[in-house]
Peer 1: 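Next up is a structure, given as structure tokens.
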Amino acid sequence: MYHNDLIIYNSINKKKEIFHPIHKKYVGIYVCGPTVYNHIHLGNCRTFVFFDVVYRYLKHLGYQVRYVRNITDVGHLENDRQSYQDDKIIKRSRIEGLEPMEIVQKYTISFHNFLRKLNLLPPNIEPTATGHIIEQIDIIQQLICKKIAYISNGSIYFSLKNYTKLYTYGILSKNKIQNLFNKKTHFSNEKYSYQDFCLWKRSIHNHIMNWNSPWGIGFPGWHIECSTMSTKYLGKIFDIHGGGLDLKFPHHECEIAQSVAFYNDENCFARYWMHTNMLTFNGQKMSKSVGNTITLKDLVEKKNISPNVIKFFILQTHYRNVLNFSEKNLLNAKNGLNRIIESIQKLQSFDEKNMLENNNNFNVFIWIKKCYYAINDDFNIPLLIYYLFQATRVIDSLSIENMNKYYFNFFKSYIIYFVFHILGIQNETKNNSDKKLQILIEKIQHIRQYFRMQKNWIISDKIREELGSIGILLKDKKLF
RNA sequence: GGCACCGUGGCCGAAUGGUUAGGCAAAGGUCUGCAAAACCUUUUAUAGCGGUUCGAUUCCGCUCAGUGCCUCCA
């Protein structure tokens, strides 16, 4: 009724395109999840928060969505400038003195815990790399048969030279093979050429992150897991592939190459590519390797910042723009969000009997339509937020009194829908369901009102001050 | 060196070939016992230079500044 076509910026051709799913009514979406070797930081969150909105909105449009987000629990090699590349999880396990799978368990739980706090919906399938070793070996074996991959010293590498004899490389990143060489980076001398990437790594350590393969004991490379699991659960061709912009190259480019070679079809794999831009801190990308990360754990547990505020802060910037973190911006978001939430509460508690049944010049249906236009235009959430602020002005100026009931109910249900269901903001006051506490506060207010009637400003101001110190703000009305 | 992106007030941020949304902050006012909240009012911006155009912040080119990726990263 209200929505026009959904338009998505497809980063493979850098154009905004009308979204047409492959199968009517069904959407398959794959998003690259975290490597679970540490607590997730704010930059990681941005991607997951954004795709949660995408997931929620696609469902809202009536699609049956299969949202797959993987957990990388093996194979993410760390280039430590030595001849041997180590797995991130194995490296971490040495630092913490735990088995690799204990590291995986610890940080997977932490990941889920914080995503739940941010009120993100769980994906439909959350596959792990270690759970798909057999499938990965199978694909690697076929790539070897096709002479796209080669064995070297017990490890397997993807040959870009052979790949480019049959297919075009670099369609996503626009990189040309001859330009890829970077003097700064050392590369394993197992590889025939610098641009080749690892599919299977022979193990030289004796630990439990090893598996038997036709080529001996080892573990899979990083890129192969995503090709394997995305097509396993979504099919050879699927609708949307998402992830952070930093994964565009090499990770996503490698995923495409592996899949194209495996299926022998250049039109296979994802139809729409969506990349979320980076979150910066003091103008520099927040990343674990730079060491300028702020974790959700710090913000929520140490600085007592509501996950809602963090989420709203993230969503205030369009997903394709760089988002710079600062405490001031976070405070900015906090005040803005408060305003929206308070307006909605005012709307929810508004008694319809007070309505004047007059027409006013705020057209609810045009407002709803504009909100849909904003989301449909490549998920322009900042513009949606602007319309939400417009709505708060209507509510706060008591223009709602002049709305008719029919308009009012539409307005109420849609603003609630946009804020709580599409953006997934949590209605925190509802969670504070301690009834005794509520009654206690009411009693104290009642006592204070008594002192106010007595014009005992010293005591009544003291009560206000004390309640204010624990975040309970009193809004007095006219006394007489 | 290669590929890509970006530059909008004090801060954050949309939009647009033709009066530049909004939020936060600031100032003044209304309201209030005083505050707070809310409401009303106000100030400040399209990096620079050139081109296309009747008209450019928007399109094109150059310069300057910044960011990301180049086989570690959401």
Side-chain angles (χ1 to χ4, degrees), chain A residues 11 14 31-35 40-51 76-81 85-86 88 91 170 173-176 178-185 187-188 191 194-198 221-223 242-251 253-254 275-280 283-290 293 313 316-318 320-324 326 328-340 342-343 346 374 380-390 392-393 395-398 452 455 457 460-461 464-465 468 473-480:
Chain A
S11 45
K14 296 195 267 178
V31 173
C32 289
T35 303
I40 57 162
H41 61 72
L42 218 54
N44 304 123
C45 286
R46 186 180 188 192
T47 298
F48 306 129
V49 164
F50 172 68
F51 282 105
H76 207 151
L77 297 173
E78 185 157 284
N79 195 346
D80 57 4
R81 297 189 173 226
Q85 292 179 306
D86 226 345
K88 278 175 182 291
K91 192 174 175 189
S173 66
K174 320 297 174 206
N175 281 328
K176 288 180 177 155
Q178 60 270 27
N179 292 334
L180 289 178
F181 191 79
N182 183 342
K183 286 179 204 163
K184 288 182 203 161
T185 318
F187 71 95
S188 161
K191 290 199 232 178
Y194 172 79
Q195 296 90 345
D196 295 348
F197 57 90
C198 183
W222 175 35
H223 314 301
L245 192 62
D246 52 354
L247 298 185
K248 195 172 180 182
F249 186 87
H251 185 56
E253 196 74 79
C254 294
H275 289 102
T276 48
N277 211 322
M278 295 297 99
L279 183 136
T280 59
Q284 197 185 14
K285 178 185 168 187
M286 184 178 286
S287 78
K288 290 169 189 168
S289 52
V290 176
T293 58
F313 161 73
Q316 267 185 316
T317 302
H318 190 264
R320 286 193 283 118
N321 289 346
V322 172
L323 165 61
N324 191 41
S326 74
K328 192 184 171 188
N329 297 347
L330 209 55
L331 186 73
N332 200 332
K334 185 186 171 186
N335 293 339
L337 178 64
N338 268 350
R339 194 157 169 206
I340 290 172
E342 278 178 20
S343 292
K346 206 182 271 186
N380 195 337
I381 304 303
L383 189 58
L384 174 71
I385 290 173
Y386 159 62
Y387 292 128
L388 294 177
F389 280 120
Q390 197 177 60
T392 65
R393 283 198 302 278
I395 296 163
D396 290 340
S397 63
L398 289 175
R452 285 184 72 216
K455 298 195 176 183
W457 311 126
S460 68
D461 285 357
R464 182 168 66 193
E465 188 195 319
L473 301 175
L474 301 183
K475 290 164 191 172
D476 290 336
K477 286 180 182 167
K478 200 172 177 179
L479 195 52
F480 299 106

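Proteins get letters first, then strands, A, B, ... in listed order; numbering begins at 1 in each.
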Peer 1: Could you check whether A:Q284 gets within reach of a base, just the sugar-phosphate, or nothing at all, counting any heavy atom under 4.0 Å?
Peer 2: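 Since only primed, P, OP1 and OP2 atoms lie under 4.0 Å of A:Q284, the category is sugar-phosphate.
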Peer 1: Please pick, from B:C11, B:C70, B:G23, the nucleotide with the shortest atom-to-atom distance to any side-chain atom of A:P250.
Peer 2: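 Minimum distance to the A:P250 side chain belongs to B:C70.
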Peer 1: Looking at B:C3, B:C72, B:A74, which one has an atom nearest to any side-chain atom of A:K88?
Peer 2: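 Within the option list, the nearest is B:C72.
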Peer 1: Taking the P atom of each, how far is B:G23 from B:U30, in whole Å?
Peer 2: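 Here B:G23 and B:U30 have their P atoms 22 Å from each other.
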Peer 1: Looking only at side-chain atoms of A:K285, point me to the closest of B:G68, B:A14, B:C72.
Peer 2: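 The answer is B:G68.
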Peer 1: Could I get the full list of ring pair (Phe, Tyr, Trp, His ring centres under 6.0 Å) partners for A:H41, not counting sequence neighbours?
Peer 2: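 So A:H41 forms no ring pair (Phe, Tyr, Trp, His ring centres under 6.0 Å) with any residue.
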Peer 1: May I ask you to say what A:H318 touches in the nucleic acid, namely base, sugar-phosphate or nothing, with a heavy-atom cut-off under 4.0 Å?
Peer 2: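 Sugar-phosphate: the residue A:H318, judged by heavy atoms under 4.0 Å, touches backbone atoms but no base.
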Peer 1: If the C1' atom of B:U20 is compared with that of B:C60, how far apart are they to the nearest Å?
Peer 2: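 Comparing C1' positions in B:U20 and B:C60 gives a spacing of 22 Å.
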Peer 1: Does A:T276 or A:K248 map to a spot on RNA chain B nearer the 5' end, using the closest nucleotide for each?
Peer 2: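 The residue whose closest nucleotide sits nearer the 5' end is A:K248.
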Peer 1: Is A:G33 touching bases, backbone alone, or none of the nucleic acid, heavy atoms closer than 4.0 Å?
Peer 2: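 If one applies the 4.0 Å heavy-atom cut-off, A:G33 turns out to touch the sugar-phosphate alone, with no base involved.
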Peer 1: Treat primed atoms plus P, OP1 and OP2 as sugar-phosphate and everything else as base, then score nucleotides 25-30 of chain B 5' to 3': B for base contact with protein heavy atoms under 4.0 Å, S for sugar-phosphate contact only, - for none.
Peer 2: S-----
Peer 1: Of the listed nucleotides (B:A14, B:C5, B:A74), which one gets closest to any side-chain atom of A:N321?
Peer 2: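 Of the options given, the side chain of A:N321 lies nearest B:A14.
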Peer 1: Nearest whole angstrom, please: distance from the P of B:C12 to the CG of A:N329.
Peer 2: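 Those two atoms, CG and P, are 6 Å apart.
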Peer 1: A:S460: what forms a side-chain hydrogen bond (donor to acceptor under 3.5 Å, both in side chains) with it, not counting sequence neighbours?
Peer 2: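 So A:S460 forms no side-chain hydrogen bond (donor to acceptor under 3.5 Å, both in side chains) with any residue.
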Peer 1: Just wondering, do A:Y386 and B:A21 stack (centres under 5.5 Å, planes under 30°)?
Peer 2: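 Ring-base stacking flag not set for A:Y386 and B:A21.
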Peer 1: Output yes when at least one side-chain N/O atom of A:N380 is less than 4.0 Å from OP1 or OP2 of B:G13, else no.
Peer 2: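 A:N380 to B:G13 OP1/OP2: no side-chain N or O under 4.0 Å.
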Peer 1: Could you tell me the separation between the CG atom of A:N277 and the C1' atom of B:G7, rounded to a whole number of Å?
Peer 2: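 These atoms are roughly 14 Å apart.
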Peer 1: I need the CG-P distance between A:N324 and B:C6, as an integer number of Å.
Peer 2: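 Whole-Å distance recorded here is 17 Å.
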Peer 1: When we call it a touch if two heavy atoms are under 4.0 Å apart, what does A:K176 touch: a base, just sugar-phosphate, or nothing?
Peer 2: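 Touches nothing.
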Peer 1: What residues, two or more places apart in sequence or in another chain, satisfy ring pair (Phe, Tyr, Trp, His ring centres under 6.0 Å) together with A:H251?
Peer 2: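 Result, ring pair (Phe, Tyr, Trp, His ring centres under 6.0 Å) vs A:H251: A:W222, A:H223.
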Peer 1: By side-chain hydrogen bond (donor to acceptor under 3.5 Å, both in side chains), which residues pair with A:N329, not counting sequence neighbours?
Peer 2: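 Counting only residues at least two positions away or on another chain, A:N329 forms a side-chain hydrogen bond (donor to acceptor under 3.5 Å, both in side chains) with A:S326.
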Peer 1: Rounding to an integer number of angstrom, what distance separates B:A37 and B:A4 when you compare their P atoms?
Peer 2: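 Pairwise P distance, B:A37 against B:A4, rounds to 49 Å.
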Peer 1: Could you work out the separation of B:U58 and B:A14 based on their C1' atoms and round it to a whole Å?
Peer 2: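 About 14 Å, rounded to a whole number of Å.
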Peer 1: Considering residues at least two apart in sequence or located in another chain, which fulfil the side-chain contact (heavy atoms from CB on, under 4.5 Å) criterion with A:N321?
Peer 2: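 A:N321 satisfies side-chain contact (heavy atoms from CB on, under 4.5 Å) with A:T317, A:H318 once adjacent residues are dropped.
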Peer 1: Which value, rounded to the nearest 0.5 Å, describes the distance between A:Q316 atom CD and A:I385 atom CD1?
Peer 2: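 The CD atom of A:Q316 sits 5.5 Å away from the CD1 atom of A:I385.
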Peer 1: Within this structure, what is the OH-to-P distance between A:Y387 and B:A21, rounded to whole angstrom?
Peer 2: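 These atoms are roughly 12 Å apart.
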Peer 1: Got a second to check how far A:C254's SG is from A:D196's CG, nearest 0.5 Å?
Peer 2: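 So the gap between those two atoms works out to 10.0 Å.
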Peer 1: Between A:I340 (CD1) and B:G13 (C1'), how many Å, whole number?
Peer 2: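 Distance check: A:I340 CD1 to B:G13 C1' gives 13 Å.
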Peer 1: Run through RNA chain B and report every stem of 3 or more consecutive Watson-Crick or G-U pairs, distances under 3.5 Å, ordered by first number.
Peer 2: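 Stems for RNA chain B, defined as runs of 3 or more consecutive pairs: B:1-5 with B:66-70, B:10-12 with B:22-24, B:26-30 with B:38-42, B:47-51 with B:59-63.
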Peer 1: Can you find an N or O donor on one side and an acceptor on the other, under 3.5 Å apart, linking the side chain of A:S289 with the base of B:C72?
Peer 2: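 Yes, the side chain and the base share a sub-3.5 Å donor-acceptor pair.
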Peer 1: Identify, with sequence neighbours excluded, every residue that meets side-chain hydrogen bond (donor to acceptor under 3.5 Å, both in side chains) alongside A:S287.
Peer 2: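 Once residues adjacent in sequence are excluded, the partners of A:S287 under the side-chain hydrogen bond (donor to acceptor under 3.5 Å, both in side chains) criterion are A:S289.
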Peer 1: Distance check needed: B:C11 C1' versus A:L323 CG, whole Å only.
Peer 2: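 The answer, rounded to whole Å, is 14 Å.
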Peer 1: Choosing from B:G33, B:C24, B:A74, which nucleotide comes nearest the side chain of A:N332?
Peer 2: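 Closest nucleotide to the A:N332 side chain: B:C24.
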Peer 1: By side-chain hydrogen bond (donor to acceptor under 3.5 Å, both in side chains), which residues pair with A:N175, not counting sequence neighbours?
Peer 2: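 Testing A:N175 for side-chain hydrogen bond (donor to acceptor under 3.5 Å, both in side chains), a comparison that skips the adjacent residues, returns A:S173.
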Peer 1: Checking A:D461 now: which residues fulfil side-chain contact (heavy atoms from CB on, under 4.5 Å) with it, not counting sequence neighbours?
Peer 2: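 Here the qualifying residues are A:W457, A:R464.
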Peer 1: For nucleotides B:G68 and B:G29, find the distance between their P atoms and express it as a whole number of Å.
Peer 2: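 These two P atoms come out 47 Å apart once rounded.
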Peer 1: What string of B, S and - do you get for nucleotides 36-47 of chain B 5' to 3' if you count protein non-hydrogen atoms under 4.0 Å?
Peer 2: BSSS--------
Peer 1: Does any donor-acceptor pair link the side chain of A:D461 with the base of B:G33 at a separation under 3.5 Å?
Peer 2: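 Present.
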Peer 1: With side chain to side chain contact (heavy atoms under 4.5 Å, CB included) as the criterion, how do A:R46 and A:M286 come out once you've worked through the C-alpha distance, each side chain's angles and the decisive distance to 0.1 Å?
Peer 2: CA-CA 11 Å; A:R46 186 180 188 192; A:M286 184 178 286; over 6 Å; no
Peer 1: When all nucleic acid strands are considered with a 4.0 Å heavy-atom cut-off, which category describes A:G243: base, sugar-phosphate, or nothing?
Peer 2: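 Result for A:G243 = sugar-phosphate.
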Peer 1: Looking at the side chain of A:T47, which of B:C34, B:C12, B:A74 is the nearest nucleotide?
Peer 2: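 The listed nucleotide nearest to A:T47's side chain is B:A74.
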Peer 1: May I have all residue pairs that pass salt bridge (charged side-chain N to carboxylate O under 4.0 Å, His left out) and include part of residues 242-251 of chain A, sequence neighbours excluded?
Peer 2: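 Non-adjacent pairs meeting salt bridge (charged side-chain N to carboxylate O under 4.0 Å, His left out): A:D246-A:K285.
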Peer 1: So if I take every side-chain heavy atom of A:F249 and compare against B:A74, B:C11, B:C69, which nucleotide ends up nearest?
Peer 2: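 Selected nucleotide: B:C69.
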Peer 1: Have a look at A:G283 and say if it touches a base, only the backbone sugar-phosphate, or nothing, with a 4.0 Å heavy-atom cut-off.
Peer 2: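 A:G283: backbone/sugar contact only, no base atoms under 4.0 Å.
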Peer 1: Does the side chain of A:K288 get closer than 4.0 angstrom to OP1 or OP2 of B:A74 through an N or O atom?
Peer 2: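 True: A:K288 side-chain N/O within range (under 4.0 Å) of B:A74 OP1/OP2.
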Peer 1: Closest approach to the side chain of A:L279, judged atom by atom: which nucleotide of B:C34, B:A74, B:C3 is it?
Peer 2: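 Closest nucleotide among those given: B:A74.
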Peer 1: What's the CG-P distance between A:L383 and B:U20, to the nearest Å?
Peer 2: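 Whole-Å distance recorded here is 19 Å.
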Peer 1: Does a side-chain N or O from A:S173 land closer than 4.0 Å to OP1 or OP2 of B:A4, or not?
Peer 2: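 For B:A4, neither OP1 nor OP2 has a side-chain N or O of A:S173 closer than 4.0 Å.
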Peer 1: Heavy-atom nearest nucleotide on RNA chain B for A:L331 versus A:S326: which residue maps closer to 5'?
Peer 2: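 Its nearest nucleotide lies further toward 5', so the answer is A:S326.
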Peer 1: Taking atom types as they are modelled, would you say the side chain of A:R320 forms a donor-acceptor pair with the base of B:C6 within the 3.5 Å cutoff?
Peer 2: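 Counting by modelled atom types and ignoring angles, no donor-acceptor contact under 3.5 Å is found here.
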Peer 1: At what distance, to the nearest 0.5 angstrom, does CZ of A:R339 lie from OG1 of A:T392?
Peer 2: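 Result: 4.0 Å between the selected atoms.
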Peer 1: With sugar-phosphate meaning primed atoms plus P, OP1 and OP2, does A:T317 contact a base, only sugar-phosphate, or nothing at under 4.0 Å between heavy atoms?
Peer 2: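 Touches sugar-phosphate only.
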Peer 1: Drop me the distance from A:E342's CD to A:L337's CG, to the nearest 0.5 angstrom.
Peer 2: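 Those atoms lie 10.0 Å apart.
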Peer 1: To the nearest 0.5 Å, what is the distance between CG (A:L42) and CG (A:L323)?
Peer 2: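 Reported to 0.5 Å precision, the distance equals 7.5 Å.
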Peer 1: A:N175 has a side chain; which of B:G68, B:C3, B:G23 sits nearest to it?
Peer 2: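 Shortest atom-to-atom distance from the side chain points to B:C3.
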